Amino acid sequence: MKYDFAAIESKWQHFWQANGTFAAANPGQCGFEADRPKFYVLDMFPYPSGVGLHVGHPLGYIATDIVARYKRMCGAAVLHPMGYDAFGLPAEQFAVEHGVHPRITTEQNITNMTRQLKRLGLSYDWDRCLTTTDPDYHRWTQWIFLQLYNSWFDPTAGAARPIEQLRQKLEAEVLYVGPEDELIDSPAEGLGAVTGMPIGARKWHELSANQRTAVIANHRLAYMDEIDVNWCPALGTVLANEEVTNEGRSERGNHPVFKRPLRQWMLRITVYAHRLLEDLELVKWPDPIKTMQRNWIGRSEGALVDFAVVDRDDLIRVFTTRPDTLFGATYMVLAPEHPLVEDVTSNSQHQKVDQYCRQAVQRSEIDRAAETKSKTGVFTGACAINPVSGQRLPIWIADYVMMGYGTGAIMAVPAHDQRDHDFARTFGLPIIQVVAEDSVDVQVEAFEGEGTCVNSANDEVSLNSLTTAEAKHAITQWLDMKGLGKTQVQYKLRDWLFSRQRYWGEPFPILHGPDGEIVALDEAELPVELPEMEDFAPCASEDPNEPVQTPLSRAPDSWKAVDRDGKRYTRELNTMPQWAGSCWYYLRFIDPANSERFVGREAEQYWMVSDKKDGHPHAGGVDLYVGGAEHAVLHLLYARFWHKVLHDLGHVSTPEPFGRLFNQGYIQAYAYTDERGVYVPAEEVKEDGQRFVCNGQQVRQEKLGKMGKSLKNAVAPDEICERFGCDSLRLYEMYLGPLDQDKAWSTKDIVGQSRFLHRLWRNFVNEETNELLVSDKPAGEDLRRMLHSTIKRVTDDMETMSYNTAIAALIELNNELISAKTTPRDVAETMVLLLSPIAPHISEELWQRLGHDQSLAYETWPIYDKALLVQQQVQYPVQVNGRLRGRITIATDADDKAIESSALAEQAVKDAIGDNPVRKVIIVRNKMVNIVAK
RNA sequence: GGCCCCGUGGCGGAACUGGCAGACGCUACGGACUUAAAAUCCGUUGGCCCGUAAGGGCCGUGCGGGUUCGAAUCCCGCCGGGGCCACCA
């Protein structure tokens, strides 16, 4: 019988499903074995798209499947689930275009993608499959939102705590309330450390009921605030900063995005900035991803400094990372949105300032970013006093200072900051050098490096001759003493804008009262399901200033209105963003059917708390998380934040969700264009010598690009499985190159892997007679050595996920077997086991033909015999002056002297040395010999 | 502009901490089998040169330098490609 991959693959896929081969048992469940180490290996779950999978998707899925299968054979209990991240814009857009409810299209897409995934023979525990749009799932998403809403960040604990504890602390007067509702440790701090002005700490019992509610609200981890949001009129929704490209357009759809003030739900991720930063130390993630998160969080150390405005009571507070250059400040800049702009502007400048600010705010982020770096600005007519030099500093407005970072105001030091320098040169402002540097003329360009202070002294303090680091310290101390400033750690990270004006998302478990009060639902009232609606289209518009409506505002009153305690409440009409469901799905996989809790405690501990000896003992969490690098700062940061909150509140056991992260590369493919420059379907393009032809027309090969609709270069896995079988597809994708690199797809190359499997089959099965070509004669010495070196190579590669070289090793062994008529049984069985994680179907079939009646999924992974890896004899290449001149073969245990004399006895070596004296002989054991003779 | 990654035959890639460059696969070419083709099998396949041949020599990991007995690998400076961030004070 020939290698009939179609029959074999279908047979084993049915077998696995019928026998529940890959079902994982939780503690307490039937089949649970407490003594097995656990291994949780997770894919980033896909969005159920209408076009289904292309061959790029499974790259990571195949890799995790190999890990899962390998770990099972190593004796681990493996949790390997798959699900769907199904809320989000594309389903809704498709629904709007086709008039089909998104729930229906989502279900269809899921059915199709599940079929595709199953055809790849992936060893998921399908019983754990979940979908984020399922009310049984999003009920718990809403529940987690309630945890956020009902918590605050206790700075003393450095962690989230129930909001009730804040109320108690305020009532007990352990905490007091400052003028901006900030919490203050004691009324004795009534004199502001920075300004010296009274802060006005208030006691809880002095506050009205409304004030109390507001104070509490201002410390919840989920809160509403009127903020400048990224408004995308074309999509009819707001977007998080992370969802806006640096050209100021929407990541989805590439529509223009505008700034506009809106009252929105926010999550207070900023209070976790330092922990999100520090705990990166605990996880085994690729360095580039860690760096991206660090940059995104954007920690910088510096100082806050207050500048008094001349002839006014106002203070302008700035943040600077270079307080050592304070004496070099020659002007100040406020962001156009800064609240003091109006106050300080003089009458004569009022019109100009007003015009400038209006322009700046109106301009979408696009222009502001895409603008050449040329500086614009306008003088307010007001001045501030440099607190160290007493100099008058003109106050300007300029859009190169942004309200969103620091205090929205800066002191400008043109000598030592290039942006300030550009601005100063444009408007003829003075440039004062305060850091010594010979090689740079600060009148021409800024010197931004560190050095020694000059020109930096007043009657009380001198920084002159101090280094930058010393000067920063000295001046900050002096400012602090004077009540003019203090050290400050600043983060770029902003709070997370958490509401969207869409239909297809999780409803908030929130009611709004008639007097504007916000009431959270009780846990028992969950889930809040989406209302059935005919028209779920977003309220898109051309006009960025049109009033904001949400689709849910058109929901029937039977859904929208809730009567309670004699009052009529309205449900929150925004929905949660796409990210909500993916922030915690890895927890639900652990216990997907639990109706009492979002995840059972025992199961959570079992699957999340890491074994002590697995290489990353600190983090715990998912043992291996595989997905694309595009989620470096969105999903991965949000999920870490939620996880930390849940951890603080005692709901999960580990500080981090994902102990180890691996980013697979993308599979790319060539795209082709015709003479009009229009993309033609890549699958219809034929190669004809040097030319490419599509439908008789010559087409041009474009650059490699990500597979997809737009480049018309997607290849569906279905047709590949049809033609070559999924074992060949799996081998091919893994053989393409290192997993973390991008690589080019080439359908014609799959034949290599297909050939390998056919040859393997013929090494085991006589195609004519269907006989097994396996002998019970033990393998000879050489073959056994090769087998064990293959075991070592494949095992090492499994550990590092270097599947391309593991496959090469298996091919080499298989090629060796071709010359023999029969394969010794021990070699055959071992080889099948080694191959099985990568090509499981053919392996199962051969395993059965070798006489086993059970799946090999839980067979013990082969162990190599170290003794067989040690050769009796070693061949040494012999170099003379670094050039290869000959070879010697000598006993492995020969001493250096014997190796040396043997090498020197070699005729070719003698010739190469000639009359030159031998100065040195370098022997690297088991590697090579180098003779230095000059 | 800043930070990071990468550069090896016609192609994808291999080479563990510096130690035989090009494993393995694809392509191409030659041969076997076949009426023929496909499939399959065998061989060759980095460049240049010497030799009828067996065989041998030189060059070679983007470019230029350096360290070293020895560099694809480490260091310095360029060039080319990719990614992330981008007026973050």
Side-chain angles (χ1 to χ4, degrees), chain A residues 2 246-247 286-296 298-300 302 318-322 325 333 335 368-369 371-375 398-402 404-413 416-420 422-423 448 490-494 629-630 632-633 687 703-704 731-732 735-738 740-746 748-753 755-756 758-759 762 767 793 796-797 800 802 804-812 814-815 818 875-887 908 919-934:
Chain A
K2 291 213 169 196
N246 41 19
E247 285 86 38
D287 283 330
I289 301 292
K290 285 192 183 185
T291 305
M292 280 161 71
Q293 289 220 348
R294 286 195 190 102
N295 290 344
W296 194 264
R299 181 183 196 272
S300 44
V318 305
F319 173 70
T320 175
T321 53
R322 291 296 299 270
T325 62
V333 185
R368 220 158 139 172
E371 191 102 329
T372 55
K373 305 273 156 146
S374 70
K375 298 285 183 287
D399 64 5
Y400 81 93
V401 173
M402 277 152 307
Y405 181 76
T407 62
I410 62 157
M411 67 175 204
V413 185
H416 303 292
D417 182 292
Q418 192 56 46
R419 293 155 302 174
D420 297 344
D422 295 345
F423 191 86
E448 297 186 324
Q490 195 70 43
Y491 297 95
K492 279 196 256 182
L493 186 70
R494 323 269 177 90
E630 74 269 24
V633 283
E687 200 172 341
K703 273 210 273 185
L704 281 171
L731 278 163
Y732 172 70
Y735 192 64
L736 226 33
D740 55 357
Q741 277 176 27
D742 290 350
K743 38 215 142 197
W745 176 266
S746 167
K748 70 175 186 344
D749 289 352
I750 301 170
V751 69
Q753 299 308 312
R755 276 178 200 153
F756 164 50
H758 277 97
R759 283 179 197 145
R762 284 197 303 272
E767 293 189 327
R793 287 170 69 185
D796 291 351
D797 287 343
T800 55
S802 309
N804 53 334
T805 47
I807 294 167
L810 288 165
I811 293 175
E812 283 177 57
N814 192 53
N815 288 347
I818 288 173
Q875 196 184 59
Y876 282 94
V878 181
Q879 296 181 345
V880 177
N881 297 328
R883 280 173 187 281
L884 182 66
R885 295 299 178 183
R887 291 170 193 283
R919 297 192 188 279
K920 203 171 174 187
V921 177
I922 293 147
I923 296 168
V924 185
R925 298 300 304 196
N926 295 320
K927 291 277 187 199
M928 49 96 54
V929 178
N930 189 16
I931 295 164
V932 186
K934 275 176 192 168

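Below, chains carry the letters A, B, ... as their sequence lines are ordered, and counting in each starts from 1. A quick note: this is a predicted structure, and the numbers were derived from the prediction, not measured. Computed over heavy atoms, backbone and side chain alike; hydrogens, waters and symmetry mates excluded.
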Q: Give me the one residue out of A/I807, A/I811, A/L736, A/I750 that meets side-chain contact (heavy atoms from CB on, under 4.5 Å) with A/L731.
A: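 Result for side-chain contact (heavy atoms from CB on, under 4.5 Å) with A/L731: A/I807.
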Interatomic distance where [atom1] belongs to [X] and [atom2] belongs to [N] [whole Å]:
X	N	atom1	atom2	value
A/R294	B/C85	CZ	P	17 Å
A/D749	B/C24	CG	C1'	13 Å
A/I931	B/C69	CD1	P	16 Å
A/I750	B/G12	CD1	P	17 Å
A/E767	B/U40	CD	P	11 Å
A/R883	B/A71	CZ	P	10 Å
A/N815	B/G43	CG	C1'	15 Å
A/N926	B/C20	CG	P	13 Å

Heavy atoms only, 4.0 Å cut-off, all strands: where does [X] land among base, sugar-phosphate and nothing?
X	result
A/L736	sugar-phosphate
A/R759	sugar-phosphate
A/M292	sugar-phosphate

Q.
Looking at every heavy atom in both A/I410 and A/V318, which two are closest together, and how far apart are they?
A.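 Nearest heavy atoms, A/I410 then A/V318: C-CG1, 3.5 Å.
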Q. Do you know the tightest heavy-atom contact between A/V932 and A/N881?
A.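 In terms of heavy atoms, the two residues are closest at CA-OD1, 3.5 Å.
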Out of [options], whichever nucleotide has its closest atom nearest the side chain of [X]:
X	options	value
A/V751	B/C58, B/C85, B/C26	B/C26
A/T320	B/A23, B/A89, B/C4	B/A89
A/D399	B/A89, B/C87, B/C24	B/C87
A/R762	B/G19, B/C41, B/G13	B/C41
A/I811	B/G19, B/G25, B/A89	B/G25
A/S300	B/G25, B/G19, B/A89	B/A89
A/P288	B/C85, B/C4, B/A89	B/C4
A/Q741	B/G19, B/G25, B/G13	B/G13
A/R885	B/G19, B/C41, B/C58	B/C58
A/Y400	B/C69, B/C87, B/G25	B/C87

Is [N] paired to anything, Watson-Crick or G-U wobble with both distances less than 3.5 Å, and if yes, which nucleotide?
N	answer
B/C20	none
B/C11	B/G25
B/C74	B/G66
B/U40	B/A32
B/C84	B/G2

Give me the distance, rounded to whole Å, that separates [N] from [M] when you measure between the [atom1] atoms they each carry.
N	M	atom1	answer
B/G12	B/G22	C1'	13 Å
B/U17	B/C29	C1'	41 Å
B/C85	B/C11	P	32 Å
B/U34	B/C26	P	25 Å
B/G47	B/C42	P	23 Å
B/C74	B/G18	P	9 Å
B/G56	B/G65	C1'	33 Å
B/G31	B/A21	C1'	30 Å

(Q) Closest-nucleotide mapping onto RNA chain B: is A/I410 or A/S746 further toward the 5' terminus? I mean the 5' end. (A)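 Nearer the 5' end of the strand: A/S746.
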(Q) Need to verify one output field. Residue with the more 5' nearest nucleotide on RNA chain B, A/V932 or A/P738? (A)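 Closer to the 5' end of RNA chain B: A/P738.
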Check: [Y] main-chain N/O paired with [X] side-chain donor or acceptor under 3.5 Å:
X	Y	value
A/K743	A/P738	yes
A/Y876	A/N926	yes
A/E448	A/Q418	yes

Is the phosphate of [N] approached by [X] (side-chain N or O, under 4.0 Å from OP1 or OP2)?
X	N	result
A/R755	B/U27	yes
A/Y735	B/G25	no
A/N804	B/A14	yes
A/R322	B/A89	no

If you go through the side-chain atoms of [X], does one of them form a donor-acceptor pair with the base of [N] closer than 3.5 Å?
X	N	answer
A/R919	B/C69	no
A/K748	B/C26	no
A/Y876	B/C20	no

Q. Under 6.0 Å from the six-membered ring centre of A/F423 and within 45° of its axis: does the NZ or CZ of A/K375 meet both?
A.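 Cation-pi check for A/K375 and A/F423: fails.
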Q. Between CG of A/N295 and CG of A/L493, what distance do you get to the nearest 0.5 Å?
A.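 Interatomic distance, A/N295 CG to A/L493 CG, rounded to 0.5 Å: 12.5 Å.
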(Q) Would you compute the distance between atom NE2 of A/H416 and atom OG1 of A/T325 and round it to the nearest 0.5 angstrom? (A)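 Those atoms lie 7.0 Å apart.
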Q) Is B/G65 in the syn range, within 90° of 0, or in the anti range? A)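 B/G65: anti.
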